[in-house]
Amino acid sequence: GNYILYEHFGSLSGENLMDKIRYMTLAEQCDFIILDHISIAISGLEGDNERKLIDILMTQMRSLVEETGVGMLVISHLRRLSNESTSHEEGGATSLSQLRGSGAIAQLADTVIGLERNQQAQGMQRNMVRIRVLKNRYTGETGIAGYLQYSKETDRLTEVKENENPMLNAQQEQNNF
């Protein structure tokens, strides 16, 4: 009774989506809403300006957060990087400028967190996730916040301490050369 899932593939009108989120917040008393992901939520809407559509939706969602106090997690994909940088699929660092679609995602959010993983790595490193705080409206603190290890056996992420982290050990070895 503590979990509500509204599964919908593809876009909804902004008004329809906001009505559903408002219903879950007020009628079902949800404390947190997770929208996965913002680009697909607006993908089929009329208009060819993705940035403007995301701006409008983000502004509506921010207003709802302020009005109701609901916590909202909005998933955003990243833009592809230039050839000079390490790709996201290879564990490249995330930044606010790489959020796909609109600057409103970073501007209106209180906190932005990037998850980084080298999908091409071997062994345990392949399932290691680095957590990077890109924006923190409350304290201003940003940077690497920790590491998680995904387990296929348990289907869970668990925290990895710095001294037990193969991702950190590999980076330190590279820096020593």
_Neighbour count above 12 (heavy atom, 6.0 Å) for I34 CD1_ = no

*asked:* Testing the 3.5 Å rule here: is there a donor-acceptor pair between the side chains of Y23 and E28?
replied: yes

_Let me check something: do I113 and Y150 share a hydrophobic cluster, defined by ILVMFWY side-chain heavy atoms less than 4.5 Å apart, either directly or through other members?_
yes

*Inspect the surroundings of CZ in R156 and state if more than 12 heavy atoms from other residues, nucleotides or ligands are less than 6.0 Å away.*
no

*For D110 and R62, work out which heavy atoms get closest and say how close.*
OD1-NH1, 3.0 Å

_Minimum side-chain heavy-atom gap R130-I144 below 4.5 Å_ = yes

*asked:* Main chain of T142, side chain of K135: is a donor-acceptor contact present, judged purely on distance under 3.5 Å?
replied: no

*Non-hydrogen side-chain atoms of E141 and V133 separated by less than 4.5 Å*: no

*Point-to-point distance, once rounded to the nearest 0.5 Å, from CE of M72 to CE of M61*: 6.0 Å

*Does a side-chain heavy-atom distance below 4.5 Å link E159 with Y147?*
no

*asked:* Do V112 and L96 make a side-chain contact, defined as non-hydrogen atoms from C-beta onward lying under 4.5 Å apart?
replied: yes

*Given side-chain contact (heavy atoms from CB on, under 4.5 Å), test L35 with I75 step by step and report yes or no.*
CA-CA 6 Å; L35 175 62; I75 311 300; over 6 Å; no

*Could you tell me the separation between the CG atom of L64 and the CE atom of M18, rounded to the nearest 0.5 Å?*
4.5 Å

_Applying the side chain to side chain contact (heavy atoms under 4.5 Å, CB included) criterion to V65, which one of I21, T25, V70 satisfies it?_
V70

*Nearest 0.5 Å please: distance from the CD atom of E67 over to the CD atom of Q60.*
12.0 Å

*asked:* A side-chain contact here means heavy atoms from C-beta on lying under 4.5 Å apart; do M24 and I33 qualify?
replied: yes

*Is it true that a side-chain atom of R126 and a backbone atom of N118 form a donor plus acceptor pair closer than 3.5 Å?*
no

*May I ask you to decide if V129's main-chain N or O and R117's side chain share a donor-acceptor pair within less than 3.5 Å?*
no

*Verify the cluster assignment for L157 and L115: are they in a single hydrophobic cluster under the rule of side-chain heavy atoms below 4.5 Å apart?*
yes

*Check whether any side-chain heavy atom of Q107 sits under 4.5 Å from a side-chain heavy atom of M58, and report yes or no.*
no

